[in-house]
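Indexing begins at 1, ligand by ligand and atom by atom, following the structure's order.
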Amino acid sequence: MRARISGGLVVNASGPVAADVLIDGEMIVALVDPTSSVADSWSQSVDRVIDATGRLVIPGGIDGHTHMEMPFGGTQSVDSFETGTRAAAWGGTTTIVDFAIQSKGRSLREGLDTWSAKAEGHCAIDYGFHMIVSDVNEQSLREMDLLAGEGVTSFKLFMAYPGVFYSTDGEILRAMQVASASGLMIMMHAENGIAIDVLVAQALERGNSDPRFHGATRPSLLEGEATHRAIQLARLTGAPLYIVHLSAEEALEEVAIARDRGQSVFAETCPQYLFLSAQDMARDGFEGAKYVCSPPLRPEHHQEKLWRGLRTDDLSIVSTDHCPFCLKEQKELGIGDFSKIPNGLPSVEHRVDLIYEGVARGDLSLARWVEVTSTTPARMFGLYPRKGVIAPGSDADIVIYDPASPHTISAASHHMNVDYSAYEGMTMTGGVQTVLSRGQVVIDGGTYLGRSGHGRFLSRGQSSYLR
Ligand code: URP
Ligand code: ZN
Ligand code: ZN
C-alpha cells in the first residue's frame, strides 16, 4: 500500500513539524512539506490519503515492559499475546518488549523457546523479548551472549521474591560482569526482598492481612536501598543498568546521583506510580487488591517527584509493567492473606493517553511525551531507528492522535482481557484515532482492522546508550 498522511503535525522527539508522511509498503519513505509538488505528485499514485488535519502524527508507542501470559503466584496473567497486543494497538502502542522467563533449574534457551511459542503467530503488533534470569549459574551466564546473538540483549534480575526470581548480590555481580564485557543491558527489580519477606511474615502474624499491608511491608526505603546497591554493583562492574518500574522518591534520588556521576544508569516509571497511590490499595473491603503490584503504589507525594524526574530525564521511559489479573478468582487468591494476591496491574492500552495528560496539564512537552513513550524505549532496547521515529527508512508504525478527544476509561469499554480497570472513571483529554503497524492500518476511528499474526518478532541490537 502507498499512503499519504496529510495535514497533521508530525511530532518526533526532536520536536513538532507540519509535514505530510509518505508511506510505501511497510516503510516511511519521506516527510514532505504539505504544499510541495512532491506531496501533490505522490497523491496521484497513493492507495489511500489519511486526513490528519488538526491531529498529531506520532511514532507508534513502544511499551518496553509487559507480561503477557506470565505465570505468577499459582495463576497466570490473563492477557494472551493475542489479546494483549490487540489492546496495545487500540491504545496507540505498536511494539511491546515482553519478558521471557528462565525457570529455576532450566536454561535461558528453554525460557526463550517457551515464550517464543506463546507469542509467535498471535501478536497484532511487533514484539521483542527481554530475558528474566532466575537461575544465575555458569551455563546461564554463558547463554547470555548466545541470546544476544538472537536479538535478546537485555536481562532482568530480581532483588525481590526470594525463592522465585531472586538473585543474591554475588549472582547479580556475575551477571553484571558478563553484561559489561558483552555490551548487554541489566534490568533490575530493585526491592530488598529478604527484608520485605520478614516484614510480610510479621504483618501476617499480627493478623494484618488486608491488601493495604502489601504496601506497608514494601516500604519505599527498601526500594531506595536496593536501587543504591544495584547501582554500586553496576559501578563496580561497569555494566549499564536499567531500573524497572521505579516508584519511589528514594530510588529516584539514587538514580539521579548515579547519572550526575556519569554512570550509565537509566530508569523507567509506570503510569500507576504517576496516577495512583497507596490510598487506592487501602480502598474498602478487598477492592484494594486491584491495585496490588510490586513495587507497591506509594503515598501521593511521590507522584510529583516522578513527574519531575520525567522532565529532567532521570526517568527516561514510561512503560506499563502490564501484568493483568482479574479480581474474580485471581486477585481473590489473596483474600485473608495479601501476600497471595498476584502482583500486577493492567494498563497496556492506556499508557499513551495517560502520559498525554502530562502534556495537557503542562508538565511535559509534546516532544517529551513522544520521547518517553516511543523514541527512548526504541533507543534503550536496540530498536532505533527502525522504531521510535517518523523518518525515511523507519517502519511505518504511526499513530494519528486527536489532542482533543475526551473519553472515559472503563472496564466496560477497554479491550484488555481483564475484569476491572485501575483507571475506572478517569477522563482522558486526547485519544487515538488511527494506528498503522508497518504500514497496515490496524485501528481506524474506533474499528479494529488488525489481525493476530501480523506482529513480527524483533531481533534487537545493542542499546544506543552504551558507551
Ligand atoms: O507487580 C508486578 N510488577 N508484577 C509483574 C512482575 C514484575 O516484577 O515486574
Ligand atoms: Zn519487577
Ligand atoms: Zn514487570
Self-check item: ligand 1 versus C293: contacting region, heavy-atom distance under 4.0 Å
Solution: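 Both the backbone and the side chain of C293 come within reach of ligand 1.
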Quiz item: Using a heavy-atom cut-off of under 4.0 Å, does the side chain or the backbone of H214 touch ligand 1, or both, or neither?
Solution: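 It is neither; nothing of H214 touches ligand 1.
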With heavy-atom distances below 4.0 Å as the criterion, list the atoms of ligand 1 near [X].
{"X": "F158", "value": "8 (O)"}
{"X": "H67", "value": "5 (C), 6 (C), 7 (C), 9 (O)"}
{"X": "H189", "value": "8 (O)"}
{"X": "H245", "value": "7 (C), 8 (O), 9 (O)"}
{"X": "S294", "value": "1 (O), 2 (C), 3 (N)"}

Judged by atom type as modelled, is there a donor-acceptor pair below 3.5 Å linking the side chain of [X] to the main-chain atoms of [Y]?
{"X": "D63", "Y": "I96", "value": "no"}
{"X": "E69", "Y": "F81", "value": "yes"}
{"X": "S394", "Y": "P385", "value": "yes"}
{"X": "Q263", "Y": "I231", "value": "yes"}
{"X": "S180", "Y": "M176", "value": "no"}

Exercise. Might you point out which heavy atoms bring Q272 and D321 nearest each other, and give the distance in Å?
Key: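 So the two residues come closest at NE2-CB, 4.1 Å.
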Quiz prompt | Within the 6.0 Å centroid threshold, strictly below: Y291 and H214 | solution =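 They do not qualify: ring centres at least 6.0 Å apart.
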Nearest neighbour in protein (non-hydrogen) for [atom]:
{"atom": "atom 9 (O) of ligand 1", "value": "K156 NZ, 3.0 Å"}
{"atom": "atom 4 (N) of ligand 1", "value": "N343 O, 3.1 Å"}
{"atom": "atom 3 (N) of ligand 1", "value": "D321 OD2, 2.6 Å"}

Self-check item: Donor-acceptor pair between Q139 and R142 side chains, under 3.5 angstrom
Solution: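 No pair is found: no donor N or O on one side chain lies under 3.5 Å from an acceptor on the other.
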Quiz item: Taking the non-hydrogen atoms of F165, is any one of them nearer than 4.0 angstrom to ligand 1?
Solution: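 It does not, in that no heavy atom of F165 comes within the 4.0 Å cut-off of ligand 1.
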Exercise. Tell me, please, whether F99 has K156 positioned over its six-membered ring: NZ or CZ under 6.0 Å from the ring centre and within 45 degrees of its axis?
Key: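 The answer is yes, since K156 meets both limits relative to F99.
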Quiz item: Heavy-atom distance under 4.5 Å between the side chains of Y356 and L366, does that happen here?
Solution: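 Yes, their side chains come closer than 4.5 Å.
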Practice problem: Enumerate the protein N/O/S atoms at a distance below 2.8 Å from the Zn ion (ligand 3), ignoring waters. | Solution: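 Listed by chain and number: H65 NE2, H67 NE2, D321 OD1.
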Quiz item: Would the number of heavy atoms belonging to other residues, nucleotides or ligands and lying under 6.0 Å from CD of E300 be above 12?
Solution: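 It does not: E300 CD has 12 such atoms or fewer within range.
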